[in-house]
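Just so it is clear, the structure is predicted and the values come from calculations on it, not from any experiment. So that the names make sense, note that chain A is the first sequence line, chain B the second, and so on, each numbered from 1.
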Protein chains: 2
Amino acid sequence: MIYSSELIKGTLKTIVLKLLADNKKMYGYEITQRVKELTLDKIQITEGALYPTLHALEADGLVTTQAEYIGKRVRKYYTLSPTGKSKAKEKVSELADFMDTMRFLLDIKPTTA
Amino acid sequence: MIYSSELIKGTLKTIVLKLLADNKKMYGYEITQRVKELTLDKIQITEGALYPTLHALEADGLVTTQAEYIGKRVRKYYTLSPTGKSKAKEKVSELADFMDTMRFLLDIKPTTA
DNA sequence: TTAAAATACATAAGTCTTTTATGTATAATA
DNA sequence: TATTATACATAAAAGACTTATGTATTTTAA
């Protein structure tokens with residue numbers, strides 16, 4: 001099962017920032033694979049969504065990039081800037097708060113976890 | 001504080017279906033007010049978003065409508081159809097599942113609730 | 001050994017949902 | 001009696017993502 005795409009909307013930036021906050025540096029393809037793994041294939045980030053998002057984060061000064069060559073193929077690593085780090089915390093806690101509100105609003109019982 | 005608008009995206013239909021599932025019949029303006037109340041003003045549904053959504057639910061056969069006159073002013077009540085009822089359950093549980101996945105992915109600790 | 005799949009980047013047209021703006025009208029309140 | 005609240009509606013613009021396409025290298029399987 002894969003979540004309907006509307007649900008993912010608006011959370012992509014938060015996911016990317018959080019992964020970068022936990023991993024120091026990651027490249028685009030790696031991010032798509034990590035999310036796929038961690039969510040047991042339930043969330044699959046498409047490249048068409050990811051790359052523009054990464055470029056926007058860079059344009060906003062939230063990440064910096066370093067190219068690295070693996071053989072002849074280039075890999076573009078992304079790292080959080082200090083601003084990016086605080087933005088990551090901010091976005092994650094906003095999402096956490098939002099999800100609490102949604103659970104209350106929709107009367108969703110907490111999972112035994 | 002109001003959540004950044006991207007977060008709300010994709011959840012509006014679910015919110016509307018769930019409120020209708022719990023209340024038998026509601027009208028548009030009432031839905032906006034109820035959500036505002038229940039979320040302590042943190043989620044404010046705009047009319048520009050709500051009415052097209054309600055019309056779409058009707059077009060999809062998930063709700064039926066009855067007009068009611070309060071004085072000279074019309075109120076349009078929405079009621080879930082049988083299809084709408086099962087759709088409501090489906091959407092709410094999908095969202096619950098999605099939020100669990102997100103909490104795991106973003107390492108968000110459960111709130112003491 | 002070579003065709004297919006995986007890795008790795010990128011962009012652009014189209015779609016969908018929501019925002020923002022606007023419009024109409026009645027009822028209640030200050 | 002002017003303002004705010006109630007109550008509907010639509011339409012242009014914005015924004016985020018999907019879908020499609022393109023390029024190229026490396027690995028795997030037939």
Rounded to whole Å, please give me the gap between [atom1] in [X] and [atom2] in [N].
| X | N | atom1 | atom2 | answer |
| --- | --- | --- | --- | --- |
| B:Q44 | D:dA5 | CD | P | 12 Å |
| A:E6 | D:dA16 | CD | C1' | 13 Å |
| B:Y78 | D:dA7 | OH | C1' | 11 Å |
| A:R75 | D:dT26 | CZ | C1' | 11 Å |
| B:I70 | D:dT6 | CD1 | P | 14 Å |
| A:I2 | D:dT19 | CD1 | P | 11 Å |
| B:L7 | D:dA16 | CG | P | 12 Å |
| A:K13 | D:dA16 | NZ | C1' | 10 Å |

What I'd like to find out is whether the side chain of [X] reaches to under 4.5 Å of the side chain of [Y], using heavy atoms alone.
| X | Y | answer |
| --- | --- | --- |
| A:L62 | A:E58 | no |
| A:L19 | A:M26 | yes |
| A:T65 | A:Y77 | no |

* Asked: Are B:Y51 and D:dT10 close enough that a side-chain N or O sits under 4.0 Å from OP1 or OP2?
  ->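 So the side-chain polar atoms of B:Y51 never come under 4.0 Å of the phosphate oxygens OP1 or OP2 of D:dT10.
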* **side-chain N/O A:S5 vs D:dC17 OP1/OP2, d < 4.0 Å** =>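 So the side chain of A:S5 is outside the cut-off, no N or O lying under 4.0 Å from OP1 or OP2 of D:dC17.
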* Quick one: on DNA chain D, does A:K9 or B:A49 contact a more 5' nucleotide (nearest heavy atom)? ->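 Nearest nucleotide further toward 5': that of B:A49.
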* Between A:G48 and B:Y77, who's closer to the 5' end of DNA chain D by nearest nucleotide? ->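 Its nucleotide being nearer the 5' end, the pick is B:Y77.
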Hey, can you pull the donor-acceptor pairs under 3.5 Å for the side chains in residues 96-108 of chain B, sequence neighbours left out?
{"from": "B:D97", "atom 1": "OD1", "to": "A:Y3", "atom 2": "OH", "distance (Å)": "2.4"}
{"from": "B:D100", "atom 1": "OD1", "to": "A:T111", "atom 2": "OG1", "distance (Å)": "2.9"}
{"from": "B:D100", "atom 1": "OD1", "to": "B:R103", "atom 2": "NH2", "distance (Å)": "2.6"}
{"from": "B:D100", "atom 1": "OD2", "to": "A:T111", "atom 2": "OG1", "distance (Å)": "2.8"}
{"from": "B:T101", "atom 1": "OG1", "to": "A:Y3", "atom 2": "OH", "distance (Å)": "2.4"}
{"from": "B:T101", "atom 1": "OG1", "to": "B:D97", "atom 2": "O", "distance (Å)": "3.2"}
{"from": "B:D107", "atom 1": "OD1", "to": "B:K109", "atom 2": "NZ", "distance (Å)": "3.2"}
{"from": "B:D107", "atom 1": "OD2", "to": "B:K109", "atom 2": "NZ", "distance (Å)": "3.4"}

* Asked: Which heavy-atom pair separates A:D41 from A:I2 by the least distance, and what is that distance?
  ->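 In terms of heavy atoms, the two residues are closest at O-CG1, 3.7 Å.
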* **Covered region of DNA chain C, 5' end to 3' end, by chain B [heavy atoms, under 4.0 Å]** =>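 Listing 5' to 3', DNA chain C meets chain B from C:dT18 to C:dA27.
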* Asked: Side-chain donor-acceptor pair under 3.5 Å between B:T79 and B:Q66, yes or no?
  ->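 Side chains of B:T79 and B:Q66: pair found under 3.5 Å.
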* Asked: Between A:Q33 and B:I45, who's closer to the 5' end of DNA chain C by nearest nucleotide?
  ->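 Residue closer to the 5' terminus by nearest nucleotide: A:Q33.
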* **B:K25 bridged to B:E68 by N-O distance under 4.0 Å** =>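 Looking at B:E68 together with B:K25, the answer is yes, because their closest N to O distance falls below 4.0 Å.
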* For B:R73, report the nucleic acid contact type (base, sugar-phosphate, nothing); a contact means any heavy atom under 4.0 Å. =>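 Result for B:R73 = base.
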* Asked: Which part of the nucleic acid, if any, lies within reach of B:E47 when heavy atoms closer than 4.0 Å are counted: base, sugar-phosphate only, or nothing?
  ->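 Result for B:E47 = base.
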